[in-house]
Asker: 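Sharing a structure below in structure tokens format, with a few things to ask.
Predicted, not measured: the structure shown is a model, and the values here were computed from it. Ligands are counted one by one from 1 in listed order, and the atoms in each one are counted from 1 as well.
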Amino acid sequence: MSLINLSRRQFLQISGLSSASLFLGGCGTPILEDVVGEVSEPLNQKVGSLILKPQQPVPEFSLDEIQSEALIVNTFKNTPLIDRDKYRLVVDGEVKNPLNLSMADIQNLPFTSMIIRHVCVEGWAAIVQWGGVRLRDIVALAQPLSSVRYAYFQSADGYYSSWDIASSLHPQTLLAYEKNQQPLPVDNGAPLRLAAPIKLGYKQSKWVTRIILVTRLSRFQGYWEDQGYEWFAGI
Ligand SMILES: Nc1nc2c(c(=O)[nH]1)N[C@H]1C(S)=C(S)[C@@H](COP(=O)(O)O)O[C@H]1N2
Ligand SMILES: [Mo]
């Protein structure tokens, strides 16, 4: 597998760190229990081929189209308190190389930014510039088994969601730590949130602390999804 722009040094740094400090958060999260099978969705390619395959990019906006005040903070509960120095992103599940990354590790990975429209089902939208790392780079580091088809995202406020693996590996699916060229504000998900032009706002998990790569979805699919919101939520 080509490690997508990651230098060998970065890769060794991260893989060494992760095996030394693998953390499987046992906070009673139920999402891996009660597997009920598969959501019907068209994108069921193998994870390995998707990592190598370029996907169609969504056209982006220009700098002067950014709507710097239009992103409305939308949080189902409260903004969680996260100590940035103690923060870790755990990536585990059906992977050969589970990861446990600090923000410094993540900021050592190739940076990318994009100007896209965030669309909330509650009837508002905002053109925002996001900066961070491609989720596909992090998934590649974790070395998912070829059977992996979904990614779960757990957040520090108790929010959770799940994505199909093709959307997770889209080149414009980022784990963002900047908004409009500034450090990501805590209300918008700092230190790390999902940002992508291909899915609705409720799929863009803020305060992501754990990514679980799996072959099957459980009966828990997302905070809003489990209340009847559409699971795929493509734009
Ligand atoms: N952890 C977490 N992520 C979340 C939410 C939330 O309540 N908790 N709300 C979602 C919804 S519905 C939207 S529209 C966006 C809003 O992002 P913003 O608050 O940065 O504008 O975050 C999404 N991600
Ligand atoms: Mo939303």
Side-chain angles (χ1 to χ4, degrees), residues 25 27-32 58 60-61 65-84 86-91 101 103 106 112-133 135 138 150-164 167-168 170 172-212 217-218 220-235:
C27 344
T29 303
I31 62 176
L32 292 178
V58 175
E60 296 183 16
F61 295 86
E65 290 173 297
I66 293 172
Q67 299 165 319
S68 53
E69 305 303 323
L71 189 71
I72 298 168
V73 170
N74 198 348
T75 301
F76 85 108
K77 217 161 59 179
N78 296 310
T79 294
L81 277 177
I82 298 177
D83 180 341
R84 192 189 168 84
K86 294 196 184 123
Y87 170 84
R88 293 290 182 279
L89 174 69
V90 170
V91 185
L101 306 175
M103 278 312 292
I106 290 163
T112 186
S113 90
M114 63 183 181
I115 302 172
I116 60 150
R117 180 180 274 123
H118 176 103
V119 181
C120 175
V121 285
E122 289 175 357
W124 56 273
I127 296 173
V128 185
Q129 182 168 20
W130 302 107
V133 297
L135 177 57
I138 289 185
Y150 304 97
Y152 273 97
F153 300 92
Q154 285 183 3
S155 298
D157 61 341
Y159 199 78
Y160 59 102
S161 189
S162 57
W163 287 42
D164 60 285
S167 299
S168 309
H170 189 279
Q172 289 156 300
T173 297
L174 306 190
L175 285 170
Y177 50 81
E178 287 185 9
K179 179 191 116 184
N180 299 333
Q181 298 176 24
Q182 300 296 318
L184 184 64
V186 66
D187 286 339
N188 298 119
L192 204 61
R193 70 167 294 157
L194 278 172
I198 54 172
K199 286 194 189 284
L200 290 168
Y202 62 86
K203 305 299 283 191
Q204 322 270 331
S205 295
K206 303 190 283 188
W207 311 293
V208 174
T209 55
R210 186 177 176 192
I211 300 171
I212 312 170
L217 289 178
S218 78
F220 299 94
Q221 300 182 354
Y223 177 78
W224 290 114
E225 295 87 329
D226 292 343
Q227 299 174 59
Y229 283 73
E230 198 214 341
W231 173 75
F232 192 79
I235 296 185

Asker: Among all protein heavy atoms, pick out the one at the shortest distance from atom 24 (N) of ligand 1; state its residue, atom name and that distance to 0.1 Å.
Answerer: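 Looking only at protein heavy atoms, the one closest to atom 24 (N) of ligand 1 is Gln204 O, 2.9 Å.
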
Asker: Report the nearest protein non-hydrogen atom to atom 23 (C) of ligand 1: residue, atom name, distance rounded to 0.1 Å.
Answerer: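 Looking at atom 23 (C) of ligand 1, the protein heavy atom closest to it is Gly201 O, 3.2 Å.
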
Asker: Under a 4.0 angstrom heavy-atom cut-off, which atoms of ligand 1 come close to Cys120?
Answerer: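 Checking each atom against Cys120, I get 14 (S).
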
Asker: Mind listing the closest non-hydrogen atom pair of Val186 and Pro80 along with its distance?
Answerer: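 Scanning both residues completely, I find the closest heavy atoms to be CG2-O, 4.4 Å.
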
Asker: Using a 4.0 Å cutoff against the non-hydrogen atoms of Trp207, which atoms of ligand 1 qualify?
Answerer: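 Near Trp207, the atoms of ligand 1 are 1 (N), 2 (C), 8 (N).
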
Asker: Got Leu217 and Trp231 here, is their nearest side-chain heavy-atom distance under 4.5 Å?
Answerer: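 Leu217 vs Trp231: side chains touch.
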
Asker: Is the contact between Phe76 and ligand 1 made by the side chain, the backbone, both, or neither, using heavy atoms and a 4.0 Å cut-off?
Answerer: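 Phe76 to ligand 1: contacts from backbone and side chain alike.
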
Asker: Taking CD in Glu65 as the centre, count heavy atoms belonging to other residues, nucleotides or ligands within less than 6.0 Å. Is the count above 12?
Answerer: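 For Glu65, atom CD is crowded (more than 12 foreign heavy atoms under 6.0 Å).
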
Asker: Do me a favour and list the nearest non-hydrogen protein atom to atom 20 (O) of ligand 1 with residue, atom name and distance?
Answerer: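 Nearest protein contact, heavy atoms only, for atom 20 (O) of ligand 1 is Arg193 NH1, 2.6 Å.
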
Asker: Picking from Phe220, Tyr223, Phe153, Tyr202, what satisfies ring pair (Phe, Tyr, Trp, His ring centres under 6.0 Å) with Tyr159?
Answerer: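 For Tyr159, the ring pair (Phe, Tyr, Trp, His ring centres under 6.0 Å) test succeeds with only one of Phe220, Tyr223, Phe153, Tyr202, which is Tyr223.
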
Asker: Is it the side chain (CB and beyond), the backbone, both or neither of Ser205 that lies under 4.0 Å from ligand 1, heavy atoms counted?
Answerer: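 Only the backbone of Ser205 comes within reach of ligand 1.
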
Asker: What is the nearest protein non-hydrogen atom to atom 21 (O) of ligand 1, stated with its residue, atom name and distance?
Answerer: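 Residue, atom and distance for the closest contact: Ile72 O, 2.6 Å.
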
Asker: With a 4.5 Å cut-off on side-chain heavy atoms, are Leu175 and Leu194 touching?
Answerer: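 Side chain of Leu194 against side chain of Leu175, heavy atoms only: contact under 4.5 Å found.
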
Asker: What atoms of ligand 1 come closer than 4.0 angstrom to any heavy atom of Ser155?
Answerer: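 Those qualifying, in numeric order: 1 (N).
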
Asker: Do me a favour and list the nearest non-hydrogen protein atom to atom 9 (N) of ligand 1 with residue, atom name and distance?
Answerer: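 Residue, atom and distance for the closest contact: Asn74 O, 3.0 Å.
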
Asker: Closer than 4.0 Å to some heavy atom of Leu71 - which atoms of ligand 1 meet that?
Answerer: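 Atoms satisfying the 4.0 Å criterion: 20 (O), 21 (O).
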
Asker: Can you tell me which portion of Tyr202 lies within the under-4.0 Å heavy-atom range of ligand 1? Options are side chain, backbone, both, or neither.
Answerer: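 Both parts.
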
Asker: Just to confirm my output: which protein heavy-atom neighbour is closest to atom 1 (N) of ligand 1, and how far is it?
Answerer: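 Result: Asp157 OD1, 2.9 Å.
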
Asker: With a 4.0 Å cut-off, would you call Asp164 and Lys199 a salt bridge?
Answerer: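 Looking at Asp164 and Lys199, the cut-off is met.
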
Asker: Just go through Trp124, Tyr159, Trp224 and tell me whose heavy atom is the nearest to atom 6 (C) of ligand 1.
Answerer: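 Looking at heavy atoms only, Tyr159 sits closest to atom 6 (C) of ligand 1.
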
Asker: Report yes if the side chains of Ile138 and Leu89 come closer than 4.5 Å at any heavy-atom pair, otherwise no.
Answerer: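 Yes - at least one pair of side-chain heavy atoms lies under 4.5 Å apart.
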
Asker: Could you check whether any side-chain N or O of Trp163 sits under 3.5 Å from a backbone N or O of Lys203, counting only pairs where one atom can act as donor and the other as acceptor?
Answerer: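 Side chain of Trp163 to backbone of Lys203, a donor-acceptor pair under 3.5 Å: yes, one is there.
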
Asker: Closer than 3.5 angstrom, by distance alone: can the side chain of Gln154 be matched with the main-chain N or O of Thr209 as a donor-acceptor pair?
Answerer: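 Side chain of Gln154 to backbone of Thr209: no pair is present.
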
Asker: I need the nearest protein heavy-atom contact for atom 3 (N) of ligand 1: residue, atom name and distance, please.
Answerer: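 For atom 3 (N) of ligand 1, the nearest protein heavy atom is Lys206 N, 2.9 Å.
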
Asker: Has His118 got any heavy atom lying under 4.0 angstrom from an atom of ligand 1?
Answerer: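 A heavy atom of His118 does come that close to ligand 1.
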
Asker: Kindly say whether Asn188 contributes a backbone atom to a donor-acceptor pair with the side chain of Arg193 at under 3.5 angstrom?
Answerer: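 Yes; at least one donor-acceptor contact below 3.5 Å.
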
